[in-house]
Each structure stands twice: as structure tokens, then as C-alpha cells.
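Below is one structure, written out as C-alpha cells, with a few remarks after it.
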Amino acid sequence: MFDPSKVLLSQIIVDTLSSLGITADRERVYQSIEFCPQPELGQYAFKTFIVAKQAGMNPMEFGTKLCDALKQHNQISSVAQAGPYINLILFSGEIAPLLIDDGASGDVAVITPSVPHRYMIEHSQPNTHKEMHIGHTRNSVLGDTLCRLLKHNGYSVFAQNYHGDEGAHVAKCIWYIRTFNQSPAEGQDKGTWLGQMYVDSTAKIEGATPEEAEQYKAGISAVLKGIESREGPDYAYWKETRQWSLDMFHEVYDWLDVSFDSDCCESDVSEESISVVKEYLDKGVFIRSEGAVGADLSDKKLGFCMLLKSDGNGLYATKDIALALKRFREQNPDTCVYVVDNRQSHHFKQVFATLDKMGFPQANRCYHLAYEMVETKNGAMSSRKGNIVPILGLIDELEAQARGILEERYSADWSAEEIADVAKLISRSAVRYGMIKVDPESKIVFDMESWLTFEGNTGPYLQYVFARICSLQRKSSDDEINLSSEISWSALDKTSEQQLLAHLANFNEMVDVSCTKLKPNMFASYTYDLARKFNAFYAECPINSEPDASLRQARAALVRLTQIYLGTAMDLLAIPRIERM
RNA sequence: GGUCCCGUAGCUCAACUGGAUAGAGCAUCUGCCUUCUAAGCAGAGGGUUACAGGUUCAAGUCCUGUCGGGAUCACCA
């Protein structure tokens, strides 16, 4: 029960029912309160049928009695029965004080959870020696937003990145560079160049004659052995180039405002992972089959989870298990969430079932947050084929677009540097919001044109509303508003004002729902609605130009409250607050 | 073939997991800037929620089947 306004309303209803001789469960009443589908109907709607059924009464009769009794209540400004619903409006003076923190920090306060809880969130996972594309961006934005929401909900969070830095793709890339004497151009981003070398290497291999293919295969195998030997020139070059990729990734993370508590690589756990498998093979948990070692999960209809190939090498699942054990040991998380695209659903079912079979109870609190892919109009992106949309390319286009718009409007007043700075912040919001607003289970078909618009349901729209609020405050001739002073809140009786207040009160509930359902898009949607409701209020109600001083003050206070809530919401979505745009 | 996910307005997506007349954004049309930022607001048109059954006071949401799209199912990651 995170919505203070609905808590108040449910208490009013419980008390009123009690005076009628009906006992009702407060939580059940709370869950029977929703927002009116149309603003004209009212602010809140109480569904009578759930509680009526529990009380063994006819919903209509129950509703009529309750409605008549609520009409006498001094905290309710309007109440009307509409079939099985009772539509209500609370006096604004009842809601607004519930939304003010005494700390006056300018942010919505972090929630104190009833039980402490630690989350491990793994996300991003770009492979080194490959280009980073907008698919990775969706992953990171999803994971990072989830981390922020969980932290606001009072949980402790351990954010983990995990790079595929070994295996065939790396060997191919390095083999190609060294065999054909490639080198990056002066001033070129080396990480991006590596991604191109990987694409070129696959093209070279695919175009090879049978004799060349044999030769190439031997060369790649030699590079792979060189890297695994942890010494010699191939190993040294692998370490050097890997860093180029990691540097590029961090450039992108900085731009996106994404951070991690741990930046782990497959090579960090691959050795350990082999010994873990052997240990559990000896314990009789794992079995040998057709020369390979793995977990028999046929009782759970998950087949065979292979952990050692017949050549003795580990696989992806092997390392995932070793890394999970390391995290259980070192971080002691209550819940682990793996943000990975939905093609890995079967893989994670196997990994979790294997951890369970190994006797780790944490396995039952591991979740795969499976999201759909980002595709182009021509279908799936593949870094192997090179038909990807690189994130750095998208960033360049967005910033150019934003600069163009800003120059048109502000070239007379703003410096070039200021324009570039704000353009960057607008571009970041376009990317973050564009990626997070869609349900994780929905595919995103990328087209550049729609990403370059900053109107409607977009990140820049949120920034625009925030900038409007700041502008109102700059232009006000009154003293800066103090929310803890006497404010005649109940003067706020316009529909748009009541709608906005009720929406603000729902903030923490939406954070919680987004966390428990692992759907940060729900919070994005909440934030967009918040901005829209402010705009509706802005259009309907004069603020600075309101002649009545106490009403003007109350509206300025509502503007300030919105600034606090919208600002915090933007922080949770990593959408930068902009004071002028 | 088995398993999992998806199918909602011309297009892109919502719908707080069973609740009122299914909502937004693009796009189209109509209003609103000599008065708080028009990156905005208000309004119009646009829907048999793929199809057929079922469950119940109530189904886009749950169950069954059909059709269509995608993913995945042992030595890839």
C-alpha cells in the first residue's frame, strides 16, 4: 500500500463501513480503489462488488448505503454511485500534505522496505571485439533503470556486467588482424575498428576456397590456443585489444549514464568453472553422456545441460554457473535477475535448474528478465554480418538533430558549447526513454526517422515539461514557495488539479509495481502521464498570472510538488533535468 | 515434431495481470501563441482486441482448439 492518498481513502471507507456495522479488510478495500477511467466521473473509483461479496451483500444495495454515508464525510468533496462503482473526489487539502517530505530535499524520499532485500542484476553483456549496437543499449537501459527503481524502493542492488571476451569470435578477429596486417586508422575509435575487423574476418572465412579454409581454420585454432595459454604475442595482443573494446563500452555507458558495481569477463571465471563441474561430477550430481559432462534435467523436461564438451572445454552455461556461485558467495543476494534477450530462455531455465540440482536454494530466486530483440526493418541485426545499427552512430545523428533544433531557437542567446551540452542531454533522453517505454516482451523495430523526433511520447517531452516548470519559477514575482508553510490546498478544485494530485500520490506504488513485475516500462508510462497531466493543468489554470493571491500560491505549490516528483521520476529513468530548452 | 513468446486503430505501442464507453503517440482534419516555453493544449475521424468455442456478475487479459509470425530444443555463445 504505497499510495498515501489511496491509504487515506481506504481508511475513510473502512471507518464508514464500520459505522454501518460492516467490517471490511483495509487491504482489500485499498485494492478495490482505482482511478476513474474518465476525469469527468471523478478522481477515484471504489469497486463495490469485491468488498460487498465478502460482506455477503448485494453490490448495489451495499453501494447505495456506503455512498449515502460517505456524503456526510468532511474529507470527501464529491461522491456518486455509478452502478457497481462509487466515484469519489478527495479535497485537495487532504491529498497534498501527504505528498510533502519534511526533509524538503527536492526529491521524493527513498522508501524504507519492511524487509531488507538485496538484488543482483546482471545486464548489458557486450562481447569484446564486436561492435556495440542498439540491441545492447536496450539491454543496458532496461537493466540500469531496474536498478534505479529497486534502489528507490529501498533495496540494495549489485549491478553486474559480464563480457564474452574469449572463444571463437575473439580468435577470428585477432587472427584476421594479425594474418592480414590490419591496423586502425589515425584517430579512429579502436573499439569500433575491432568490431569491423570481426565482420571482415567472417567475410574472409565465408569467401575462402577449400584450401584456404583449411589454412584459416588452423590459423584461428593457433590463435585460440595462444590466448588460452596466457602467454606469448597472441595473448598480449588479446589483452591490448580487449581493452580497446572495454574503453569503447565505457564511453557509451558514460554517455548513457549507466554504471556497474562489477565488470566481469568470461575469462575471469572460465578456469574455475571447469573445476566446479569436476567437483560435482565426483559428487555424482552431474553425469557423463556421449563423452560430455552435464546435468540430466530430463525430470524437469529440460533435457541435458552440457557443461563440459567431449574435448574437456567448458561452455557458456559452465561459466554462468561458476559466476553465479561466486556471486552467491560474495554478494549474498536474495534475488538475482539476468537481463538477457529471450533467445536465452531455455539456457537460463537449464542454468537455474542445474543450480537447484547442485543444492543451491538461491536458484529458486533467480529470474531471467527476457526481453525481445531490437531489429531493423530488414530483420534481425547480426554483428557477424555487420548489418547492425551501432549505438555511436545513433548518438551522432541524435545530437546533430538536437543541435539543429536548438540553433534555430537559441543561436542568438546561447553559446555553441551550451547548445552542444543540451543537445547531448536531449539525445540521451531520446535513447533512454525510447528503449524503456516499450514492454520488454515487445520487439522494437528500429527506424531512424521516428527516433529523431522529439515530440509526443518521448524523453524530450518530459524534459520540456520540466523546463516549463523551471521557467514558471523564474518568472514568478512571488517569493520562492515553501511547501511547509500554510497553503490553501483546497482551493485547487479544478479537474486538472485534482487529477494531477492523485497521479502524484501514485508515484511509489508505480515504482513498486514496476519492480515486482520487472517491467520498468510501466514506470516510464507513469512518468509520461504525469507530464501530460501537468500540461493539462498548465493549459487550464493560470499560475503566475492568477490574480487571487492564495490560489496563486496554491498553484505555485502544486507546480513545485510536480517538479519534485517529475524530477525524481526523471532521475529514475536517467533522463537529465534541463532547466531551459 | 516438442516447448516458450507474440497477434489490439492506417503505422508504432499502452491497458497497473479479471472490472465502467479498450487508451496514447505518429499520420490525416479542425481550433488555440501582442498574456506563464506551440518540443505544447483542446477537439474530430479511425476498433467484431487474428478466428471459433468455453469459464462468470464481468474476458484484450484465464482455459481449449484453429490460423499466422518469432524464438528455442547436446558439444555455438
Side-chain angles (χ1 to χ4, degrees), chain A residues 32 34-38 41 45 47 49-50 53 59 82-85 87 125 127 164 166-169 266 289-294 301-317 319-320 341-347 349-350 370 372-373 375 379-380 402 405-406 409 426 437-439 441-445 447 449-450 453-458 460-465 467-476 506 509-510 512-514 516-517 519 521-526 528-529 531-532 535-546 555-556 559 580-581:
Chain A
S32 303
E34 57 188 38
F35 293 112
C36 284
Q38 262 93 38
L41 294 174
K47 299 182 276 194
F49 31 88
I50 296 167
K53 192 175 180 183
Y85 292 88
N87 295 323
Q125 309 115 332
N127 286 340
E166 55 182 20
H169 80 275
E266 279 186 29
S289 170
E290 297 172 32
V293 175
K301 296 199 164 87
L302 289 170
F304 181 72
C305 179
M306 185 178 292
L307 297 166
L308 289 185
K309 298 192 279 186
S310 37
D311 65 6
N313 284 316
L315 296 98
Y316 196 49
K319 295 168 207 171
D320 261 347
D341 72 70
N342 65 1
R343 291 174 307 187
Q344 313 296 339
S345 292
H346 186 251
H347 163 79
K349 277 181 193 162
Q350 287 195 324
E372 261 287 357
M373 310 296 291
E375 294 187 358
I405 294 170
L406 290 168
R409 293 176 201 204
I426 290 173
K437 74 172 173 181
V438 183
D439 187 302
E441 285 175 7
S442 294
K443 190 161 69 185
I444 293 180
V445 179
D447 80 293
E449 201 186 330
S450 66
T453 61
F454 300 146
E455 292 162 19
N457 188 0
T458 63
Y461 176 90
L462 305 179
Q463 293 174 310
Y464 179 75
V465 171
R468 256 189 168 174
I469 289 173
C470 295
S471 172
L472 279 172
Q473 292 168 337
R474 280 194 300 271
K475 293 203 173 157
S476 169
N506 204 227
E509 181 158 300
M510 287 312 297
D512 184 63
V513 168
S514 305
T516 46
K517 293 184 190 307
K519 288 196 173 195
N521 59 301
M522 292 180 66
F523 188 73
S525 177
Y526 167 83
Y528 175 60
D529 283 340
R532 284 181 59 218
N535 261 341
F537 156 67
Y538 180 91
E540 186 185 18
C541 303
I543 298 149
N544 291 338
S545 49
E546 168 58 44
R555 284 184 177 156
V559 169
R580 244 183 265 266
M581 71 180 275

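Numbered from 1 within each chain, the chains take letters A, B, ... in sequence-line order. Scope of the values below: all heavy atoms of this structure, side chains included, with no hydrogens, waters or symmetry mates.
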Legend entry - Length of the CD-C1' vector between A:E266 and B:rA77, whole Å: 7 Å
Inset, instruction - Go through B:rA74, B:rA38, B:rG25 for me and flag the one nearest to the A:M306 side chain. - result: B:rA74
Legend entry - Any A:Y316 side-chain nitrogen or oxygen under 4.0 Å from OP1 or OP2 of B:rA77: no
Inset, instruction - Give A:A45 one of three labels, base, sugar-phosphate or nothing, depending on what nucleic acid heavy atoms sit under 4.0 Å from its own. - result: base
Legend entry - Pairwise C1' distance, B:rC33 and B:rA42 [rounded to whole Å]: 14 Å
Inset, instruction - Name the closest nucleotide to the A:V438 side chain, picking from B:rA14, B:rA20, B:rU72. - result: B:rA14
Inset, instruction - Go through B:rC16, B:rA77, B:rA74 for me and flag the one nearest to the A:N127 side chain. - result: B:rA77
Legend entry - Integer-rounded Å distance: B:rA74 P and A:Q350 CD: 8 Å
Inset, instruction - Ignoring backbone atoms, establish whether A:R343 has a side-chain N or O less than 4.0 Å from OP1 or OP2 of B:rC4. - result: no
Legend entry - Watson-Crick or G-U wobble partner of B:rA9, both distances under 3.5 Å: none
Legend entry - Span that lies between the P atom of B:rA14 and that of B:rU55, in whole angstrom: 31 Å
Legend entry - Whole-angstrom distance between B:rA50 and B:rU12, as gauged at atom P: 15 Å
Inset, instruction - Using a 4.0 Å heavy-atom cut-off across all strands, classify A:I426 as base, sugar-phosphate, or nothing. - result: base
Legend entry - Close side-chain approach of A:Q463 and A:F454, heavy atoms under 4.5 Å: no
Inset, instruction - Based on the glycosidic angle (syn within 90° of 0, else anti), state the conformation of B:rU64. - result: anti
Inset, instruction - Have a look at A:C470 and say if it touches a base, only the backbone sugar-phosphate, or nothing, with a 4.0 Å heavy-atom cut-off. - result: nothing
Legend entry - Candidate nucleotides B:rU37, B:rC36, B:rC41, ranked by approach to the side chain of A:N544 - the nearest: B:rC36
Inset, instruction - Could you check whether A:E290 gets within reach of a base, just the sugar-phosphate, or nothing at all, counting any heavy atom under 4.0 Å? - result: base
Inset, instruction - Report yes if at least one side-chain N or O of A:Y461 is closer than 4.0 Å to OP1 or OP2 of B:rC41; otherwise report no. - result: yes
Inset, instruction - Go through B:rA74, B:rU37, B:rA77 for me and flag the one nearest to the A:Q344 side chain. - result: B:rA77
Inset, instruction - Return no unless some side-chain N or O of A:S442 is found under 4.0 Å from OP1 or OP2 of B:rA14. - result: yes
Legend entry - Pairwise P distance for B:rG46 and B:rC41, with rounding to whole Å: 23 Å
Legend entry - Donor-acceptor contact below 3.5 Å, side chain A:K437 vs main chain A:N457: yes
Inset, instruction - Quick one: do A:D447 and A:S450 satisfy side chain to side chain donor-acceptor pair (under 3.5 Å)? Show the steps, please. - result: CA-CA 6 Å; A:D447 80 293; A:S450 66; 2.8 Å; yes
Inset, instruction - Using a 4.0 Å heavy-atom cut-off across all strands, classify A:P84 as base, sugar-phosphate, or nothing. - result: nothing
Legend entry - Residue A:S471, side-chain heavy atoms: nucleotide from B:rA77, B:rA20, B:rU37 that is nearest: B:rU37
Legend entry - Separation of the P atoms in B:rC6 and B:rA15, to the nearest angstrom: 12 Å
Legend entry - B:rC11 to B:rU28 separation - C1' atoms, rounded to the nearest Å: 13 Å
Legend entry - A:F537 vs A:I543 side-chain heavy atoms within contact, under 4.5 Å: yes
Inset, instruction - Using Watson-Crick or G-U wobble geometry with both distances below 3.5 Å, tell me the partner of B:rA15, or none. - result: none
Legend entry - Mate of B:rG60 where both pairing distances stay under 3.5 Å, Watson-Crick or G-U: none
Legend entry - Distance between C1' atoms of B:rA27 and B:rG10 (Å, rounded): 8 Å
Legend entry - Between C1' of B:rU72 and NZ of A:K301, the distance in whole Å: 17 Å
Inset, instruction - For B:rA39, take OP1 and OP2 only and decide whether either is under 4.0 Å from a side-chain N or O of A:R409. - result: yes
Inset, instruction - Taking syn as within 90° of 0 and anti otherwise, name the glycosidic form of B:rC33. - result: syn
Inset, instruction - Could you check how far CD of A:E509 sits from C1' of B:rC16, rounded to whole Å? - result: 8 Å
Legend entry - Which residue lies more 5' along RNA chain B, comparing A:K517 with A:L406 via nearest heavy atoms: A:K517
Inset, instruction - Taking A:S514 for its side chain and A:M510 for its backbone only, find out whether a donor-acceptor pair lies under 3.5 Å. - result: yes
Legend entry - Earlier contact from the 5' end, RNA chain B, for A:A467 and A:H169: A:A467
Legend entry - Separation of B:rA77 P from A:E166 CD (nearest whole Å): 9 Å
Inset, instruction - Mind checking A:N457 for me? I need base, sugar-phosphate or nothing, with any heavy atom below 4.0 Å counting as a touch. - result: sugar-phosphate
Legend entry - Between B:rG2 and B:rG47 - C1' atom distance, rounded Å: 36 Å
Inset, instruction - Check whether any side-chain heavy atom of A:Q473 lies under 4.5 Å from a side-chain heavy atom of A:I469, and answer yes or no. - result: yes
Legend entry - Minimum side-chain heavy-atom gap A:I426-A:L406 below 4.5 Å: yes
Inset, instruction - Give A:F49 one of three labels, base, sugar-phosphate or nothing, depending on what nucleic acid heavy atoms sit under 4.0 Å from its own. - result: base
Inset, instruction - For A:S514, answer base if it contacts any base atom (sugar-phosphate contacts may also be present), sugar-phosphate if it contacts only those atoms, and nothing otherwise; contact means non-hydrogen atoms under 4.0 Å. - result: nothing
Legend entry - Atom pair distance, as rounded to whole Å: CD in A:E441 and P in B:rA71: 17 Å
Inset, instruction - From the options B:rU72, B:rA39, B:rC16, select the nucleotide whose nearest atom is closest to the side chain of A:M522. - result: B:rC16
Legend entry - Any-strand Watson-Crick or G-U partner of B:rU66, both distances under 3.5 Å: B:rA50
Check the interface with nucleotides 27-32 of chain B: list each N/O to N/O pair with the protein under 3.5 Å, or write none.
none

Inset, instruction - Send over the distance from A:D439 CG to B:rC5 P, rounded to a whole Å. - result: 13 Å
Legend entry - Side-chain N or O of A:K475 closer than 4.0 Å to phosphate OP1/OP2 of B:rU37: yes
Legend entry - B:rA71 - base-pair partner by Watson-Crick or wobble geometry, distances under 3.5 Å: B:rU3
Legend entry - Pairing nucleotide - B:rA27, Watson-Crick or G-U, each distance under 3.5 Å: none
Inset, instruction - Return yes if the base of B:rA39 and the side-chain atoms of A:T453 contain a donor-acceptor N/O pair under 3.5 Å, otherwise no. - result: no
Inset, instruction - Sort out the partner of B:rG40 for me: Watson-Crick or G-U wobble, both distances under 3.5 Å, none otherwise. - result: B:rC32
Inset, instruction - Look at A:K309 and B:rC76 and indicate whether a side-chain polar atom (N or O) is within less than 4.0 Å of OP1 or OP2. - result: yes
Legend entry - Side chain A:N535 and base B:rA39 donor-acceptor under 3.5 Å: no
Legend entry - Closest heavy-atom pair and its distance - A:Y528, A:L462: CA-CD2, 3.8 Å
Inset, instruction - Could you check which of B:rC36, B:rU37, B:rA20 has an atom nearest any side-chain atom of A:N87? - result: B:rA20
Inset, instruction - State, to 0.1 Å, how close A:H346 and A:L302 come at their nearest heavy-atom pair, and which atoms those are. - result: NE2-O, 4.0 Å
Inset, instruction - Answer with yes or no after comparing the ring centroid distance for A:Y526 and A:F523 against a 6.0 Å cut-off, counting only values under it. - result: yes
Inset, instruction - May I have the distance from A:R532 (atom CZ) to B:rA15 (atom P), rounded to whole angstrom? - result: 15 Å
